[in-house]
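A quick note: this is a predicted structure, and the numbers were derived from the prediction, not measured.
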Amino acid sequence: MASLALTTTLSPTLPSLRSHASFPKALLLKPFPVSQTRRNSLKTAALGLGFNKTLISSPKLANLTREFSSPRRGLSVKAAATTGGSSITPAAKEPWQGAAMKPLLASIATGVILWFVPTPAGVTKNAWQLLAIFLATIVGIITQPLPLGAVALLGLGASVLTKTLTFAAAFSAFGDPIPWLIALAFFFARGFIKTGLGNRIAYQFVSLFGSSSLGLGYSLVFSEALLAPAIPSVSARAGGIFLPLVKSLCVACGSNVGDGTEGKLGSWLMLTCFQTSVISSAMFLTAMAANPLSANLTFNTIKQTIGWTDWAKAAIVPGLVSLIVVPLLLYVIYPPEVKSSPDAPKLARERLEKMGPMSNKEIIMAGTLLLTVGLWIFGGVLNVDAVTAAILGLSVLLVTGVITWKECLAESVAWDTLTWFAALISMAGYLNKYGLISWFSQTVVKFVGGLGLSWQLSFGILVLLYFYSHYFFASGAAHIGAMFTAFLSVASALGTPPYFGAMVLAFLSNLMGGLTHYGIGSAPVFYGANYVPLGKWWGYGFVISVVNIIIWLGIGGVWWKFIGLW
């Protein structure tokens with residue numbers, strides 16, 4: 001029996017019962033024989049006070065009592081109810097939906113402390129203040145007290161409020177084509193996943209190459225790499241296409257989470273697909289959302305453009321070598337218990353049979369994709385830039401109904417990315433214009449240059465510092481925005497060929513995502529499947545990072561020399 005004992009004095013009219021501020025939300029109900037008329041009157045009063053109608057009308061409702069005092073003193077109501085075990089509970093407190101306060105305070109504290117640090121010699125006041133706001137924004141993007149777009153917008157607002165930037169300067173990058181290219185590419189990803197074309201391609205690869213665990217791994221690796229230039233979100237590729245497929249294949253092979261069979265296939269396959277996703281992201285300009293940010297910062301720093309073809313040509317050789325070596329290395333040091341997977345091709349063929357022939361929308365999506373990627377590849381010859389090609393492709397998809405504008409509006413990640421991407425470009429660009437990057441470069445040049453090392457060794461030191469500092473970043477974009485320009489400026493000042501240095505830093509900005517379970521968009525997707533313990537995830541992440549650096553700077557360095565990059 002549940003009871004809440006409360007007594008109050010009320011006016012005998014129902015409107016005042018509803019509005020009386022001190023009246024309780026529950027009545028004290030005591031067993032006492034009353035007439036039906038009085039019972040109904042009390043039910044009416046209780047309903048007026050917001051009681052649950054079902055509870056009040058329940059046949060388990062016990063005897064009710066009311067006590068009337070003199071009308072001059074008002075109405076005093078006492079009641080009790082036996083609810084047969086039911087309890088009347090107050091409404092749950094609405095959860096806090098604002099910012100996470102500790103990360104927010106950490107972000108603000110970073111900016112405030114730096115703001116009041118004396119401005120170093122050779123740095124303007126505006127540059128130092130913008131640096132304070134910029135680093136506070138970066139801390140916010142890392143700790144995420146709010147979504148990335150909201151954090152970036154707060155940073156822009158602070159820069160305008162403090163007169164550090166004008167409104168036009170703060171929001172200047174929203175007119176830059178690069179952020180819009182990324183947003184448009186997210187819309188392409190939506191169509192790719194919606195039509196099922198992505199799943200069809202993945203299943204086709206598995207049906208052809210999935211008879212062994214190693215073959216299955218390679219089929220997934222290269223199907224993901226094939227889709228990489230078309231889907232700029234590594235999170236979309238991982239979560240929308242490959243994680244469902246990988247989990248299905250693991251279960252089909254008897255490798256499940258929580259029953260001790262993770263090691264049969266799932267542990268190796270999940271880690272392999274994750275580590276190779278950062279490689280495929282490094283191979284194409286449009287394979288990761290933040291890659292165009294690297295290209296944009298390169299142009300702002302050294303006034304040289306990294307085109308889609310230039311990026312792909314430089315990355316293709318070390319990328320393919322890494323895609324071959326990494327799965328094989330993990331197969332040796334973290335092997336699956338099941339070496340063959342005869343059910344995988346069968347499962348893939350069954351899925352393909354269920355899908356049936358390509359739908360009209362799949363055909364349109366494939367044709368549009370080929371058209372857009374073709375324009376991205378040959379746009380320089382045809383005088384069609386990347387964002388124009390993307391707009392043309394999106395127009396085809398909208399007109400044919402493959403995707404709708406409502407779906408584009410609902411693609412919140414695209415608009416969020418557009419916001420934070422443009423904000424970082426604006427602030428990083430004005431740090432450069434205000435002369436801060438030049439001052440920082442000169443300071444580091446004096447230190448590293450004083451070591452008397454060749455540009456190769458000096459660049460090697462900078463590369464390692466840039467790469468392994470990613471342990472402190474939960475976003476590749478945040479890392480690029482905070483450090484890319486400065487490190488490229490320093491490397492160039494120390495004698496590193498500027499274009500070569502930009503390319504290397506851009507590639508590493510993807511590869512470093514493999515260090516942790518939060519360093520790139522695909523990391524939480526695959527780690528969240530719970531097939532790999534955190535310690536092994538980090539341990540093998542470090543091992544693979546060393547291998548990737550050796551491949552990309554060793555074999556890649558020879559290839560870049562051959563094509564004249566340095």
Side-chain angles (χ1 to χ4, degrees), residues 148-149 152 171-195 197-198 226-237 240-241 281 284-300 305-312 360-426 429 477 521:
L148 298 187
F171 289 84
S172 59
F174 284 85
D176 191 293
I178 298 299
W180 287 100
L181 173 62
I182 295 303
L184 290 166
F186 275 105
F187 302 150
F188 267 78
R190 167 59 53 194
F192 209 82
I193 295 170
K194 175 186 174 183
T195 60
L197 181 61
L226 183 65
L227 298 179
I231 303 179
S233 169
V234 67
S235 303
R237 295 198 306 272
I241 298 175
S281 294
F284 304 98
L285 177 61
T286 52
M288 205 267 275
N291 284 348
L293 177 60
S294 299
N296 184 277
L297 295 177
T298 295
F299 180 79
N300 291 340
T305 301
I306 300 179
W308 195 95
T309 306
D310 296 331
W311 184 301
N360 291 335
K361 289 188 176 182
E362 280 185 273
I363 294 173
I364 295 171
M365 185 71 223
T368 304
L369 184 62
L370 291 175
L371 170 65
T372 306
V373 173
L375 290 175
W376 282 340
I377 296 173
F378 302 107
V381 177
L382 301 174
N383 198 26
V384 177
D385 58 40
V387 70
T388 302
I391 291 174
L392 176 61
L394 179 62
S395 299
V396 172
L397 298 179
L398 289 172
V399 169
T400 56
V402 172
I403 59 175
T404 66
W405 182 240
K406 190 174 183 179
E407 289 172 329
C408 292
L409 292 175
E411 193 67 28
S412 58
V413 176
W415 303 109
D416 188 58
T417 303
L418 171 65
T419 302
W420 63 254
F421 198 7
L424 288 180
I425 290 176
S426 294

Participant: Would you name the heavy atoms of Leu293 and Ala477 that are closest together and state the gap between them?
Facilitator: CD2-O, 3.8 Å

Participant: Taking side chain as C-beta onward, heavy atoms only, is Phe187 less than 4.5 Å from Leu398?
Facilitator: no

Participant: Measure the CD1-NZ distance between Ile363 and Lys361 for me, rounded to the nearest 0.5 Å.
Facilitator: 13.0 Å

Participant: What verdict does the side-chain hydrogen bond (donor to acceptor under 3.5 Å, both in side chains) test give for Thr388 and Asp385, after you've listed the backbone C-alpha separation in whole Å, the side-chain angles of each residue and the deciding distance to 0.1 Å?
Facilitator: CA-CA 5 Å; Thr388 302; Asp385 58 40; 2.5 Å; yes

Participant: Using a 3.5 Å distance criterion without hydrogens, assess whether the side chain of Thr286 forms a donor-acceptor pair with backbone atoms of Pro229.
Facilitator: yes

Participant: If you measure from OG1 on Thr368 to CG on Leu397, what distance do you get to the nearest 0.5 Å?
Facilitator: 4.5 Å

Participant: For residues Ile306 and Ser294, determine if any side-chain heavy atom of one lies less than 4.5 Å from a side-chain heavy atom of the other.
Facilitator: no

Participant: Could you check whether any side-chain heavy atom of Met365 comes within less than 4.5 Å of a side-chain heavy atom of Lys194, counting everything from C-beta outward?
Facilitator: no

Participant: Would you confirm whether Thr400, through its side chain, and Val396, through its main-chain N or O, come within 3.5 Å as a donor-acceptor pair?
Facilitator: yes

Participant: What's the shortest heavy-atom distance between Ala152 and Ala423, and which atoms?
Facilitator: CB-CB, 3.5 Å

Participant: Of all the heavy-atom pairs spanning Ala389 and Leu375, show the shortest one and how long it is.
Facilitator: CB-CB, 3.5 Å

Participant: Rounded to the nearest 0.5 Å, what separation is found between the CG atom of Leu148 and the CG atom of Leu424?
Facilitator: 9.0 Å

Participant: Between Asn300 and Gly429 (side chain of the first, backbone of the second, donor and acceptor by atom type, cut-off under 3.5 Å), is there such a pair?
Facilitator: no

Participant: What heavy-atom pair brings Val234 and Met288 nearest, and what distance separates the two atoms?
Facilitator: CG1-CG, 4.5 Å

Participant: Decide side chain to side chain contact (heavy atoms under 4.5 Å, CB included) for Ile403 and Leu394; before the verdict, give the C-alpha distance in whole Å, the side-chain angles of both, and the deciding distance to 0.1 Å.
Facilitator: CA-CA 9 Å; Ile403 59 175; Leu394 179 62; 3.5 Å; yes

Participant: Kindly compute the distance separating CG (Asn296) from OG1 (Thr305), expressed to the nearest 0.5 Å.
Facilitator: 9.5 Å

Participant: Would you find a donor on one side and an acceptor on the other, under 3.5 Å apart, between the side chain of Trp180 and the backbone of Leu418?
Facilitator: no

Participant: Report the residues that fulfil side-chain contact (heavy atoms from CB on, under 4.5 Å) with Phe174, sequence neighbours left out, ordered by chain and then residue number.
Facilitator: Leu156, Phe171, Thr419, Ala422

Participant: Ignoring hydrogens and geometry, is there a side-chain-to-backbone donor-acceptor pair from Thr372 to Ala390 under 3.5 Å?
Facilitator: no

Participant: Measuring only between side-chain heavy atoms, which start at C-beta, is Ile425 closer than 4.5 Å to Ser172?
Facilitator: no

Participant: Among residues at least two apart in sequence or on other chains, which ones pass ring-ring contact (aromatic ring centres under 6.0 Å, His included) with Trp311?
Facilitator: Phe507

Participant: Show your working on side chain to side chain contact (heavy atoms under 4.5 Å, CB included) between Ser426 and Asp176 and close with a plain yes or no.
Facilitator: CA-CA 10 Å; Ser426 294; Asp176 191 293; over 6 Å; no

